[in-house]
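What you see is a predicted model, and the numbers here were worked out from it, not measured in a lab. Ligands are counted one by one from 1 in listed order, and the atoms in each one are counted from 1 as well. Computed over heavy atoms, backbone and side chain alike; hydrogens, waters and symmetry mates excluded.
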Amino acid sequence: QSMPQKAFIYALPIELYKEHGIRRYGFHGTSHKFILDSTAGLLNKPVSQTSIISAHLGNGCSVSAIEQGEAVDTSLGFTPLEGLVMGTRCGDLDPSLPGTLQKKLGKTADEINDLLNKQSGLLGISALSNDCRTLEDEALKGHEGAQLAIEIFCYRLAKYISGYMVSVPSLDAIVFTGGIGENSSLIRETTMGYFKHFGITVDEQKNLEARFGKGGEISTSSSTTSVFVVPTNEEWVIAAEAAEFA
Ligand code: AMP
């Protein structure tokens, strides 16, 4: 809700926003809020002075850019299909593709919607599974589809995180959360590998140890920006916010 217009308005005729509410709304706000509050605690800073890029990686995936305690951009859009590669969702793609696929495959708009939401992402690329654990196991054994799915997932994620570095000038930390973000040292290591030339580096041992509910800082002492793993707790935020109305 705090995002500026430049972040949430699509480059479509402006009436679509004004009359039909077509804009980027974003999702996962409860998780990103929890991550912001927790990271501020870890950094010993007031939330209003904490700036992070938060990557919630579960079955649904999103990155939120948070400058001085306020969300300024996010990767999920009008629906939770935009942005990153997810378990079964494709994320960003050429907007002309749904129409082209509809004609090429002789499918209805609903069928294409189903293909983009339920048959794509990690599952679609690997032709194997949307479960990151299965993909990691099979990638290690040489499954090329699993290897490619992980490679694309991490590359797209790194591009989003680096893009949001322009949105968060006072960046304190990059934070991983969600089932994949909290547990997959491989995804974190591969993604953060793209940031070495920014001087952002991850400690191999700390990264391996951060899993199964154990979070904390995983960056090296010389890293120009901190990298954290923070277990999320969306239910807590929902309960706390609901309690305010009780
Ligand atoms: P969530 O939607 O946050 O519950 O996350 C679900 C995703 O987390 C699934 O893709 C799981 O494969 C992934 N996940 C859970 N545990 C692990 C793990 N130990 N290693 C890698 N991925 C995991």
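Among all non-hydrogen protein atoms, the one lying nearest atom 14 (N) of ligand 1 is G179 O, 3.5 Å. Nearest protein heavy-atom contact of atom 13 (C) of ligand 1 is I180 CG1, 3.6 Å. Given atom 18 (C) of ligand 1, the protein heavy atom at minimum distance is N183 CB, 3.3 Å. For atom 20 (N) of ligand 1, the closest non-hydrogen atom of the protein is R133 CG, 3.5 Å. Among all non-hydrogen protein atoms, the one lying nearest atom 22 (N) of ligand 1 is C132 CB, 3.5 Å.
Rounding to the nearest 0.5 Å places CZ of R188 at 10.5 Å from OG1 of T190.
No heavy atom of L57 sits closer than 4.0 Å to any atom of ligand 1.
Between H56 and H32, the angle of the ring planes goes over 60°, which puts this pair in the perpendicular group of the 30/60° scheme.
Within 6.0 Å of NZ on K118 lie no more than 12 heavy atoms contributed by other residues, nucleotides or ligands. The 12-atom threshold is not exceeded at CD of E151, counting heavy atoms of other residues, nucleotides or ligands nearer than 6.0 Å. For F198, the CZ atom counts as densely surrounded, since its 6.0 Å shell holds more than 12 non-hydrogen atoms of other residues, nucleotides or ligands.
Protein non-hydrogen atoms do not reach within 4.0 Å of atom 4 (O) of ligand 1.
In plain terms, the two heavy atoms of P231 and F34 that are nearest each other are O-CE2, 3.4 Å.
In N130, the part holding a heavy atom less than 4.0 Å from any atom of ligand 1 is the backbone.
Any N or O atom pair closer than 3.5 Å counts here, and D131 shares at least one such pair with ligand 1. Of the N or O atoms in G178, none lie within a sub-3.5 Å distance of an N or O in ligand 1. On a distance-only criterion, N59 and ligand 1 share at least one N/O pair closer than 3.5 Å.
Listed by atom number, the atoms of ligand 1 under 4.0 Å from F212 heavy atoms are 19 (N).
D203 and N207 are not linked by any side-chain donor-acceptor pair at a separation below 3.5 angstrom, with hydrogens and angles left out of the test.
Every ring pair (Phe, Tyr, Trp, His ring centres under 6.0 Å) that Y17 has, sequence neighbours left out, goes to F8.
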